[in-house]
A.B. asks: 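Handing you this structure, nothing more for now.
Treat the numbers as computed from the prediction; the structure is a model and nothing was measured. Chain identifiers are assigned alphabetically (A, B, ...) following the order of the sequence lines, protein sequences preceding nucleic acid strands; residue numbering begins at 1 within each chain.
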Protein chains: 2
Amino acid sequence: MTIKNDLILRAARGEKTERTPVWLMRQAGRILPEYREVRAKMGGFKELVETPEFACEVTIQPVDILGVDAAIIFSDILVIPEAMGLPYQMIEAKGPWFEKTIKSEDDIKQLRVAKPEDLHYVIDAIKLTKKELNGRVPLIGFAGAPWTIFAYMIEGSGSKTFSKAKKFLYTQPVLAHQLLQKITDSTINYLKGQIVAGADMLQLFDSWAGVLSPEQYKEFSLKYISQICNAITEVPFTVFAKDAHFARVEMGKLSCDTIGLDWTMDIAESRRLIGENKTLQGNIDPCLLYSDYDVIKKEAIKMLKAFGPHRHIANLGHGLYPDLEKDKVKCFVDTVKEFRF
Amino acid sequence: MTIKNDLILRAARGEKTERTPVWLMRQAGRILPEYREVRAKMGGFKELVETPEFACEVTIQPVDILGVDAAIIFSDILVIPEAMGLPYQMIEAKGPWFEKTIKSEDDIKQLRVAKPEDLHYVIDAIKLTKKELNGRVPLIGFAGAPWTIFAYMIEGSGSKTFSKAKKFLYTQPVLAHQLLQKITDSTINYLKGQIVAGADMLQLFDSWAGVLSPEQYKEFSLKYISQICNAITEVPFTVFAKDAHFARVEMGKLSCDTIGLDWTMDIAESRRLIGENKTLQGNIDPCLLYSDYDVIKKEAIKMLKAFGPHRHIANLGHGLYPDLEKDKVKCFVDTVKEFRF
């Protein structure tokens, strides 16, 4: 199927585009009243993730309402641990919670390597969304990076420090590598399944990159991200490692197309560290969107100019916060879409 | 009074020392059974902070038990908002909580500029501790950096994103500067009072530096840190801005003696960015101290070599975590003290 608006795919491949494309992390979510309506009908967040019809509906909402240049499939990075044999609950206002966590070699041995059929509900949601989008914009698939998934599997919940997961790295490095490899193999299977189902582009989220030292990050995260980048050759691939300021030189050497930046990373410095051969994605502070409209416009244009006309996909430096106003979010999107170099 | 072990003061001033000095952020605290004993006698954390005899006792414990090269007065950065008129509670396992937060210009006008006498319990604890230490090691005083204090005063509690505080910066910058100036004036008064009471060295903690963009950090944090650095000329002064990787060049230009590094900051790169005219402090990942003894020793020595023999004060890149074992913490301290270049 031909994609009518393929700006993002072309920007990722380093081709010139008539304007900078834009999408927003967490664009399908609570900032949209239309999302909250669908969500209110469901028993919980996971039911929404696991019901392809509803996941499809909320995936397409921001394309209709905000006018973004891509859809991203509504799902969750923690579907992978669940598919491997570690189920979780999403507790309102608290976040994810795992009843069982990984403590021993035996726990790791009991985990399955996930296959796309273990995640049929995501695969079906992608197929359905592709059909419903009918080529309007590309559909982005995603997964968590192995370190971030590992962190939840050991810690059992969110954490400020992920000190249990880090303790595991320091005290049981051999087992840590076993588990990370199993997560990596599962993730490659899963992403390949997303491509077969129709994903036009993929993104890996390393949400907890920033708690590791540069050395540990190379050993326990980049090594596995690199395997995934090497395995995914079919579609443009983005790596977003939040707070991994210290790994930008190494990120430039990955065989992916695009590197996501958070808002603490200076744009010119990041370009210098990452090199010219990657598209950069980002990096407005989500809190900017609390500002008045004129401030949002001014800062959006400043960001666009700092990245320059090529190899840039406009986005935030993190996901949208749920209490942001839809109209201000749309103001950011519109500013990017109206701007010409 | 002459200080017998003045290694830290000399290292801060850039003088050569026979070995690298060492202390640990949160060295007075829950890792010590002796601390937990004192703590169990009290009604709560704040009672301990506000009772000079007990604060003095737990301040000296790590000097006796761990053999560190400095004591740091047992207190809390949130005594400043309280002295300005915004009381807080410390809720077990949850953290600080303010009943009233700052929302308007009127709220800011009602705040006092704190004077040392508003914080007499800290001043008395410093005087008592100086007497009890009897010149064994220097006593470090401290305060929170204005942005971090501001963040709590707006947010009313801890937060992953401090999005309310950041929203205030984006939407009410003029009021934000008014409040930051009032906090800065209070902090200078407070630190001057600590010097008069006997503090041999001071440290400013910017715990939430990492949630701001480089530009906002310059405008809303560094500007006020700089005022404080310029005002404190009597004793060596350290600035530790956690996660402010993007501000290292500017930190090198502050009129302080020492810059603290967290463990995500590469040591050689930080030295290059900050320059040769500052002592660097840090920067072991607290989670390293979960490792086996041989790993702790190896990594401690690797860190010492990376910093080199001059202008380094060994420390962690953040405070000790409460579940670390005392003997492993001591292993780190001993390794630093035994090492010679």
Side-chain angles (χ1 to χ4, degrees), chain A residues 95 158-173 207 209-217 242-249 262-270 273 283-292 295-296 299 302-303 306 317-324 328, chain B residues 95 158-173 207 209-217 242-249 262-270 273 283-292 295-296 299 302-303 306 317-324 328:
Chain A
S159 163
K160 266 189 205 173
T161 58
F162 279 93
S163 60
K164 283 182 208 163
K166 287 173 65 185
K167 182 177 182 174
F168 200 97
L169 299 185
Y170 278 114
T171 58
Q172 310 203 67
S207 310
V211 300
L212 296 181
S213 70
E215 205 171 293
Q216 280 201 319
Y217 193 68
K242 185 154 185 298
D243 294 319
H245 60 88
F246 46 80
R248 281 175 284 179
V249 171
D262 67 53
W263 68 90
T264 71
M265 297 174 183
D266 179 79
I267 295 167
E269 181 193 48
S270 299
L273 294 172
N283 73 340
I284 282 286
D285 177 0
C287 290
L288 169 75
L289 306 185
Y290 291 120
S291 307
D292 292 338
V295 177
I296 295 173
E299 293 294 323
K302 202 164 90 185
M303 174 203 67
H318 198 200
L320 285 166
Y321 297 154
D323 64 338
L324 287 165
K328 293 201 168 169
Chain B
S159 162
K160 268 189 203 171
T161 58
F162 280 93
S163 60
K164 282 182 208 162
K166 287 174 65 186
K167 181 177 182 174
F168 200 99
L169 299 185
Y170 278 114
T171 57
Q172 309 203 65
S207 309
V211 301
L212 296 182
S213 70
E215 205 170 293
Q216 279 200 321
Y217 194 68
K242 185 154 185 300
D243 295 319
H245 60 90
F246 46 79
R248 282 175 283 178
V249 170
D262 67 53
W263 67 91
T264 71
M265 298 174 184
D266 179 79
I267 295 167
E269 181 193 49
S270 299
L273 294 172
N283 73 339
I284 281 286
D285 178 0
C287 290
L288 169 75
L289 307 184
Y290 291 120
S291 308
D292 293 337
V295 176
I296 295 172
E299 292 294 323
K302 203 163 91 183
M303 172 202 69
H318 198 201
L320 284 165
Y321 297 154
D323 64 339
L324 287 165
K328 293 202 166 167

A.B. asks: Should the heavy atoms of other residues, nucleotides or ligands under 6.0 Å from NZ of Lys164(B) be counted, would the total exceed 12?
C.D. replies: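 Result for NZ/Lys164(B): open.
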A.B. asks: Measure the CD-OG distance between Glu299(A) and Ser213(B) for me, rounded to the nearest 0.5 Å.
C.D. replies: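 That separation rounds to 8.0 Å.
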A.B. asks: Is there side-chain contact between Asp266(B) and Phe246(A), with heavy atoms separated by less than 4.5 Å?
C.D. replies: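 Of all side-chain heavy-atom pairs linking Phe246(A) with Asp266(B), none is under 4.5 Å.
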A.B. asks: If you count heavy-atom pairs under 4.5 Å between each of Lys166(B), His245(B), Lys167(B) and chain A, which one has the most?
C.D. replies: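 Most heavy-atom pairs under 4.5 Å with chain A: His245(B).
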A.B. asks: Within the structure provided, determine whether Cys287(A) and Phe162(B) are in side-chain contact (heavy-atom separation under 4.5 Å).
C.D. replies: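 A side-chain contact under 4.5 Å is absent here.
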A.B. asks: Sort out for me which of Leu288(B), Asp323(B), Asp292(B), Val295(B) touches chain A most, counting heavy-atom pairs under 4.5 Å.
C.D. replies: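 The candidate making the most pairs under 4.5 Å is Leu288(B).
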A.B. asks: Non-hydrogen atoms of chain B under 4.5 Å away: do they reach the side chain of Lys302(A), the backbone, both or neither?
C.D. replies: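 Side chain of Lys302(A) only, per the 4.5 Å heavy-atom cut-off to chain B.
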A.B. asks: What are the two closest non-hydrogen atoms of Thr161(A) and Tyr321(B), and how far apart are they?
C.D. replies: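 Looking at all heavy atoms of both residues, the shortest contact is CG2-OH, 3.4 Å.
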A.B. asks: Heavy-atom cut-off 4.5 Å, strictly under: side chain, backbone, both or neither for Leu289(A) against chain B?
C.D. replies: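 Neither part.
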A.B. asks: Could you tell me which portion of Thr171(B) (side chain, backbone, both or neither) has an atom closer than 4.5 angstrom to a non-hydrogen atom of chain A?
C.D. replies: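 The side chain, not the backbone.
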A.B. asks: Is it the backbone or the side chain of Thr264(A) that comes under 4.5 Å from a heavy atom of chain B, or both, or neither?
C.D. replies: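 Both parts, heavy atoms under 4.5 Å.
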A.B. asks: Return the CD1 to OH distance between Ile296(B) and Tyr170(A), rounded to the nearest 0.5 Å.
C.D. replies: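 Rounded to the nearest 0.5 Å, the CD1-OH separation comes to 10.5 Å.
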A.B. asks: Which atoms of Gln216(A) are under 4.5 Å from chain B, going by heavy atoms: the side chain, the backbone, both sets, or neither?
C.D. replies: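 Just the side chain, heavy atoms under 4.5 Å.
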A.B. asks: Using non-hydrogen atoms and a 4.5 Å limit, figure out which bit of Gln172(A) sits close to chain B: side chain, backbone, both or neither.
C.D. replies: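 Contact with chain B involves no heavy atom of Gln172(A) at all.
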A.B. asks: Around Glu215(A), counting heavy atoms of other residues, nucleotides and ligands shown, do more than 12 lie under 6.0 Å from its CD?
C.D. replies: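 Atom CD in Glu215(A) is not packed in, count stays at 12 or less.
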